[in-house]
J.: 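Attaching a single structure in structure tokens format; questions to follow.
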Amino acid sequence: MDRPRDPVLADAARGRILFGGDYNPEQWPEETWHEDVRLMKEAGVNTVTLGVFSWARLEPRPGAREFGWLDTLMDLMHDNGVGVVLATPTASPPPWMGRLHPETLPRDADGHVEWWGGRQHFSHSSAVYRRYAAAITEDLAARYGSHPALTLWHINNEYCTFDHGDEAAAAFRRWLRDRYGTLDALNDAWGTAFWSQGYDCWDGVLPPRRAHYLNNPSQVLDFRRFTSDMLLECFTAERDIVARHTPHIPVTTNFMPLWTGQDGWRWAEEEDVVSVDLYPDARDPLAPRSAALVQDLTRSQARGPWMVMEQAAGGVNWRAVNQPKPRGLNRLWSLQAVARGADAVCYFQWRQSRQGAEKFHSAMLGHAGPRGRAFQEVKRLGADLARIGAEVAGTGIRADVAVLHDWHAWWAGDQDGRLSTEAGADYPAVLSAWHGALWESGVTCDFAHPEHDLSGYRMVVAPQLYLLTDAAVDNLLAYVRGGGTLVAGFLTGTADQDDRVRPGGMDVRLRELFGVRVLHEWWPLPAGEQVDCEGFTGILWSEEIEAADTVDEVLAYRGGELDGMPAVLRRDRAWYFSTLPEPEALRALLARIAAGAGVRPVLDGLPPGVEAVRRGGLLFLLNHGRAPVTVPLPGRHHDLLGGAAVTDAVTLDRYGAAVLRS
Ligand code: GLA
């Protein structure tokens, strides 16, 4: 089927950035709907997502259909020029489903049922759940497929359930048979000779349920792969139904940011447009950096423009302390997402709920109503997005650096029984340390899978690919052979695809590539402990490595047990870091390597706290600081946000931004 890759591009052709949010009108009387559209227009809202949690309203009894209210809303939106992202409601089955079909409810590793009364209480493997989900999806697509308000399908919501129950166990066994063919192959892949775990029949194979002591790590790894695949089956089943009715309407599902439960590369391939929910913490000084990571990853998954499907206009209600965003921050962070490739800025949710679990979660229209600060700031942002849309929407971003990320490496690496459970040594923390160092240097980067074609990048960074397939190793070697610069962090290339430690503790070809003769021991460091190295301080990790004679450069450990051994070593264009340099040192080292590879930051000499990104022909300058700042910028430029010319320097307010055409 010839289906559009990206609906945002379709809108981009009309020069629009999508702006709006989840709209849950079933929580409000009909007169409120009219006030809603009036205020939406006032705020420049051009899109809403309907129906995300509407299943019980649409199907109050098994097989019943109540579409009248949604008919009215679809018409109302269309009449007011607001497009609809229509969701399938399958993330929250009605209570009758769990009551009549308890097998649709998932179970955790202890066998406890996850009951209705919250949301996401469905088993991805339940045939009954899938049947009901398909039926409501079919009827929604048939009813609204030709409605002029429909712009995009939103399947389910933040797929994230794990299930250890019996139906999932049977599905897991089917999945494993497909993967391994024979029980012998499974026993081999899982290393079941260890601890007397050898399986004599398929029926004995289970999800990793609560065990007395550590679960088999390869079983855990496969269970994560299986869970991602089962949820993906749920997604594609619904996607195929809506696509049959509306081949011209693109389909998405919203990811959680850097979420462990889905192989995001694989999932993105199945979507027409990639969307993500983004909730950085306003109290976290590293929030802009963390957001940039998610934005770069989502853009890379999308291979182009993408959508912020949800963010908060103010505070959320699920952190320990939930403060609102200070004045200006909602706008700044929204523009940051656009700078990094978003063609849609949407929120959870349009109108703040008065009841239910999220009544204290902010919304575009908060409890304070249209006079509230949240709404006033949303209005300002709507006007800003309208100002820049024509020149921004649909444009791309060029990056010379790729950061490698693979969910399978994460799943295999972050397990019990590993060498360090220090939070900083967790996969996402290490990924973020490396990406953050590049972000601090103002170097724009993409993310890539280790088996992707990397030849277009001058430099590739592999923060911690603990698990690497043979194909990925081949790819990295070919990349360096082809002239690329590769920088790898500790624990890269430790295990194969089954989580079997490679002979010698690191793939032999990688040892050869980096100039590691022997990797004697891993020496993880406790939090707060540091290791002195030539020219910098290392944290979290160290390794007892013997370098080959042919290495070109070594930065050695200084003092301690590893004195004189290589902390960082390079052979030709391949670098290996056996420790994590503390942040400033990592930034400086990476900046040096990047410069050697011909990689330039977006702008030189940026004041601290200012982020610069080029998108299309425009330069975005974002001041993450709480004080105004002046950025020297030779020449004459036009600021699309301010509508004025600027010459030789741009002054940005606290949390201010400029979008410049030169
Ligand atoms: C997620 C969900 C929303 C809402 C928000 C709250 O992103 O998709 O329904 O619960 O979290 O932050």
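Order of appearance sets the numbers: ligands from 1, and atoms from 1 within every ligand.
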J.: Starting from atom 3 (C) of ligand 1, find the nearest protein heavy-atom neighbour and note its residue, name and distance.
T.: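 Sorting protein heavy atoms by distance from atom 3 (C) of ligand 1 puts Glu310 OE1, 3.3 Å first.
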J.: Below 4.0 angstrom from a heavy atom of Trp318, which ligand 1 atoms are there? Numbered from 1 as shown, please.
T.: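 Here the atoms of ligand 1 in question are 6 (C), 12 (O).
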J.: So for ligand 1, is Glu158 a polar contact partner (N or O within less than 3.5 Å, distance only)?
T.: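 Yes - when backbone and side-chain N and O of Glu158 are compared with those of ligand 1, one distance drops under 3.5 Å.
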J.: Taking the six-membered ring for Trp and the full ring for Phe, Tyr or His, determine whether the centres of Tyr132 and Trp55 are under 6.0 Å apart.
T.: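 Judged by ring-centre distance (under 6.0 Å), Tyr132 and Trp55 do not meet the cut-off.
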J.: With heavy-atom distances below 4.0 Å as the criterion, list the atoms of ligand 1 near Phe53.
T.: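 That gives atoms 9 (O) of ligand 1.
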J.: Backbone N or O of Ile17 within a donor-acceptor pair of the Asn46 side chain at under 3.5 Å?
T.: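 Yes, because the side chain of Asn46 sits within donor-acceptor range (under 3.5 Å) of the backbone of Ile17.
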J.: For atom 10 (O) of ligand 1, what is the closest protein heavy atom, and at what distance to 0.1 Å?
T.: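 Among all protein heavy atoms, the one nearest atom 10 (O) of ligand 1 is Glu358 OE2, 2.4 Å.
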J.: What protein heavy atom sits nearest atom 6 (C) of ligand 1, and how far off is it?
T.: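 Ranked first by proximity to atom 6 (C) of ligand 1 is His361 NE2, 3.1 Å.
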J.: Consider ligand 1: state whether an atom of it lies below 4.0 angstrom from any non-hydrogen atom of Arg119.
T.: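 The answer is yes, since Arg119 has a heavy atom less than 4.0 Å from ligand 1.
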J.: With a 4.0 Å cut-off, would you call Arg351 and Glu35 a salt bridge?
T.: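 Yes.
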J.: Looking at Asn80 and Val37, would you say the former's side chain and the latter's main chain have a donor-acceptor pair under 3.5 Å?
T.: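 Side chain of Asn80 to backbone of Val37, a donor-acceptor pair under 3.5 Å: no, none is there.
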J.: Under a 4.0 Å threshold between the charged nitrogen and the carboxylate oxygen, would Asp139 count as salt-bridged to Arg65?
T.: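 Yes, Arg65 and Asp139 are salt-bridged.
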J.: Is it true that atom CH2 of Trp318 has more than 12 heavy atoms of other residues, nucleotides or ligands lying nearer than 6.0 Å?
T.: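 Result for CH2/Trp318: enclosed.
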J.: For ligand 1, which atoms have a heavy atom of Asn157 less than 4.0 angstrom away?
T.: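 Near Asn157, the atoms of ligand 1 are 2 (C), 8 (O), 9 (O).
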